[in-house]
Amino acid sequence: MLDSKKLRKETELVIQNLSRRGFNFDFKKWENLELQRKELQAFNENQQSKLNDISKEIGLAKKESNDTSKLQKEASMLTAEIKNQTKQLDQLLMQINEFVMSLPNLIDTDVPDGKDETENLEIRKCGSPKEFDFTPKDHLELGENRGIDMEAGVKITGSRFKVLRNDIAHLQRALLNLMIDTHVSEHGYEEVYVPYIVNEDSLLGTGQLPKFEEDLFKLEGKNNFYLTSTAEVPVTNLFRDEILDSEILPVKYVCHTPCFRSEAGSYGKDTRGIMRLHQFEKVELVQAVESSDSDDALEELTGHAEAILRKLDLPYRVVSLCSGDIGFSSAKTYDLEVWVPSQSSYREISSCSNFRDFQARRMKARWRSKQDKRTELINTLNGSGLALSRTVLAILENFQEADGSITVPDALRDYLGKDRILST
RNA sequence: GGAGAGGUGGCUGAGUGGUUGAAAGCGCUCCCCUGCUAAGGGAGUAUAGGGUAAUCCCCUAUCGAGGGUUCGAAUCCCUCCCUCUCCGCCA
């Protein structure tokens, strides 16, 4: 959520910034609503103040057994009036809230301009794609009948679900442990475990709602529960309605969860194998920092995700998402893209974003310094460190041998207990 | 799932219709006193929105959430959420 004071004072800047996303900000509408709100609210509060005074007077008069019928009559009228105004005000507030909640975050000045993912800016490349002296297979050719069981997923649930077996299930678990261990012991994150079902408030807090409900799986029942689409939601919401002491900042959490995404609107995209599924595992990094630290924190967090790719000797590149591709809540996003030999291209395996105070304002997540007692919104960041299914995919494809076996990357050997898998 | 109790400020905990944003205690901050990290005295100590340039000041809201009764509700009524105890079921 954007700061309404900023909307008022730096209107031009906001309009310009949002237009870089291709977002058309209807300032006239907002200004109109705000003006009405301000007037009505000021008047209403004034009336309320009067009523409060009269009520106190009545109280005092009754104590001394004086006649209060005249005052009560006056108060009755005021009460009716206020009730009426409040109804109008509430309606207005709902409209304003709806409007403001659907505004995306402002993007940083160094976010490249562009209309879609084709115009994302490559920042750096690390490692180089391995040359194969045979035609590399794709991950499904490698894993089919040997641990990646798409048919079983379809039988149990439906399309876009998978079953993993044996070495490949083990590989995923080994990766999971490597990632969490690394982030905890080398990068200073605290491990957390959270619910996989989240409520509406949590989704509003991080920005998945109200605009992106079609991406989510909603549960039946009156509770308005959803399956979590990313650990970002439950983990970042740990800060909701909290005031953190400045000494504990930055707070850094690492968390593994499955992620459930309806993938509505992605029909026909990545239909083969485990690239894009309704359920996948992910290790997520989340940070809460002071606003002055969030630029550095994004670089740091991105580096933490990269460290995993480096450990695994996977070739990747870092791109800065352009203004047309960047997410709704994000001010700046780096995607990490891993080399996928079968597609001869880099594919997203992590997305690291700085949300500045956008989520914090929605969640009322603040911090307070010891010296001056003022509260300030925290800045939140998160990034995948990494998406597990795609890491499994990348390892299978990048470390395949001519005979279809997979050489296990050094960093993983202790976790897996072998240096080669799928050697039939 | 059944029966009962309860949800008040950083914490403990008073408060069943009237100057209560809320007693008291603890904690915390600042000051005073005190010849030694003890004791005592004083002041302060929620969040958000609006008026404002303002972290002073003024107004409004908030005692789990939402609605209702009333001139006036932390206090009465209704619905929901959550916590605790006992029983049942269960990994």
Side-chain angles (χ1 to χ4, degrees), chain A residues 1-11 30-101 193 195-205 219-226 234 237-248 290-292 357 359-378:
Chain A
M1 191 159 65
L2 299 179
D3 181 10
S4 46
K5 280 183 185 159
K6 189 171 183 125
L7 285 178
R8 249 175 265 143
K9 286 180 195 155
E10 299 169 53
T11 311
W30 180 80
E31 190 184 36
N32 192 18
L33 287 170
E34 263 296 289
L35 281 173
Q36 281 185 65
R37 193 218 90 229
K38 199 181 253 183
E39 193 181 342
L40 198 53
Q41 183 175 339
F43 185 67
N44 205 20
E45 284 181 359
N46 210 309
Q47 301 285 83
Q48 185 66 51
S49 178
K50 265 193 225 165
L51 177 62
N52 289 347
D53 287 345
I54 295 175
S55 295
K56 273 178 196 168
E57 240 182 281
I58 292 172
L60 287 173
K62 284 216 160 158
K63 230 174 219 170
E64 291 166 28
S65 323
N66 291 333
D67 177 43
T68 59
S69 57
K70 204 173 153 192
L71 281 172
Q72 289 203 27
K73 211 172 203 176
E74 196 183 336
S76 282
M77 279 165 63
L78 253 180
T79 304
E81 207 178 317
I82 290 171
K83 219 172 222 175
N84 191 21
Q85 287 160 9
T86 305
K87 222 177 251 171
Q88 288 178 52
L89 184 61
D90 285 347
Q91 239 169 9
L92 208 52
L93 287 173
M94 260 171 60
Q95 282 182 60
I96 290 172
N97 188 47
E98 205 175 306
F99 183 85
V100 175
M101 286 294 269
Y193 170 86
Y196 302 158
I197 293 173
V198 294
N199 63 31
E200 229 171 353
D201 285 342
S202 295
L203 289 159
L204 285 166
L219 301 184
E220 291 274 340
K222 58 184 173 182
N223 273 322
N224 288 330
F225 285 162
Y226 295 79
N237 272 281
L238 287 169
F239 304 123
R240 174 151 52 89
D241 294 319
E242 298 289 333
I243 300 179
L244 308 172
D245 283 335
S246 60
E247 301 96 272
I248 70 165
E290 296 180 21
S291 57
S292 55
D357 60 12
Q359 295 180 325
R361 187 169 291 105
R362 291 176 163 230
M363 300 196 274
K364 296 186 180 66
R366 293 149 294 173
W367 65 277
R368 191 204 309 272
S369 73
K370 261 263 156 76
Q371 295 91 354
D372 82 74
K373 297 173 184 170
R374 203 165 151 61
T375 60
E376 196 185 318
L377 293 167
I378 59 170

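A note on names: the letters A, B, ... follow the listed sequences, proteins ahead of strands, and every chain is numbered from 1.
Nucleotide B:U55 has no partner under the Watson-Crick or G-U criteria, as no pair reaches both atom distances under 3.5 Å. In this structure B:A23 sits in no base pair that meets the Watson-Crick or G-U test at under 3.5 Å. Base-pair partner of B:G9: not found among the strands shown (Watson-Crick or G-U wobble, both distances under 3.5 Å). In this entry B:U37 has no Watson-Crick or G-U wobble partner, no candidate having both defining distances under 3.5 Å. With a 3.5 Å ceiling on both atom-pair distances, the Watson-Crick or G-U wobble partner of B:C76 is B:G68. Nucleotide B:G44: paired with B:C28 (Watson-Crick or G-U wobble, both distances less than 3.5 Å). Pairing partner, B:G1: B:C87, with both Watson-Crick or wobble hydrogen-bond distances short of 3.5 Å. B:A14 is unpaired under the Watson-Crick or G-U wobble criterion, no partner having all donor-acceptor distances under 3.5 Å.
Between the side chains of A:Asn52 and A:Ser55, no donor-acceptor pair is found at a separation under 3.5 Å.
As rounded to whole Å, 15 Å separates atom P of B:G50 from atom CG of A:Leu33. Atom P of nucleotide B:G10 and atom CD1 of A:Ile248 are separated by 15 Å, given to the nearest angstrom. In this structure, A:Ile54 atom CD1 and B:G72 atom P are separated by 11 Å, rounded to whole Å. Across the protein-nucleic acid pair, A:Leu51 atom CG and B:C59 atom P stand 15 Å apart, rounded to whole Å. Rounded to whole Å, the distance from CZ on A:Arg368 to P on B:G9 is 15 Å. Rounded to whole Å, atom P of B:G51 lies 6 Å from atom CZ of A:Arg8. Rounded to an integer number of Å, the gap from CD1 of A:Ile243 to P of B:G9 is 13 Å. Atom P of nucleotide B:G51 and atom CZ of A:Phe43 are separated by 17 Å, given to the nearest angstrom.
The side chain of A:Lys56 has B:U19 as its nearest neighbour among B:U69, B:U19, B:G50. Minimum atom distance to the side chain of A:Thr375 is reached by B:A48, of the listed B:C71, B:A48, B:U55. Comparing atom distances between the A:Lys62 side chain and each of B:G18, B:A48, B:G72 picks out B:G18 as nearest. In the set B:C71, B:U55, B:U19, the nucleotide with an atom closest to the side chain of A:Lys63 is B:U19. Of the listed nucleotides (B:C71, B:A48, B:G50), B:G50 has the atom at the smallest distance from the side chain of A:Lys5. Among B:C71, B:U60, B:G50, the nucleotide with an atom closest to any side-chain atom of A:Gln41 is B:G50. Nearest nucleotide to the A:Lys9 side chain, out of B:A54, B:C71, B:G49: B:A54. When distances are taken from the side chain of A:Leu60 to each of B:U19, B:U60, B:U69, the shortest belongs to B:U19.
Summarising the geometry of A:Ile54 relative to A:Leu71, their closest heavy-atom pair is CG2-O, 3.9 Å, with the distance given to 0.1 Å.
Note: A:Lys62 NZ to A:Gln72 CD = 4.5 Å, rounded to the nearest 0.5 Å.
Here A:Arg361 lies out of heavy-atom contact (under 4.0 Å) with every strand. Using a 4.0 Å heavy-atom distance criterion, A:Ile58 is classed as a base contact. Using a 4.0 Å heavy-atom criterion, one finds that A:Lys83 contacts the sugar-phosphate atoms exclusively.
Judged by closest nucleotide on RNA chain B, A:Lys38 is the one of A:Asn52 and A:Lys38 placed further toward the 5' end. Mapping A:Asp90 and A:Gln48 onto RNA chain B by nearest heavy atom places A:Gln48 at the nucleotide closer to the 5' end.
Nucleotides B:G13 and B:G17 place their P atoms 23 Å apart, quoted to the nearest Å.
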Could you run through nucleotides 75-81 of chain B and give me one letter per nucleotide, 5' to 3': B if any protein heavy atom sits under 4.0 Å from the base, S if only the sugar-phosphate is that close, - if neither?
-> ------S
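Annotation for A:Glu39: atom CD does not count as buried by contact number, only 12 or fewer foreign heavy atoms lying within 6.0 Å. Applying the 6.0 Å contact sphere to CD of A:Glu98 captures no more than 12 heavy atoms from other residues, nucleotides or ligands.
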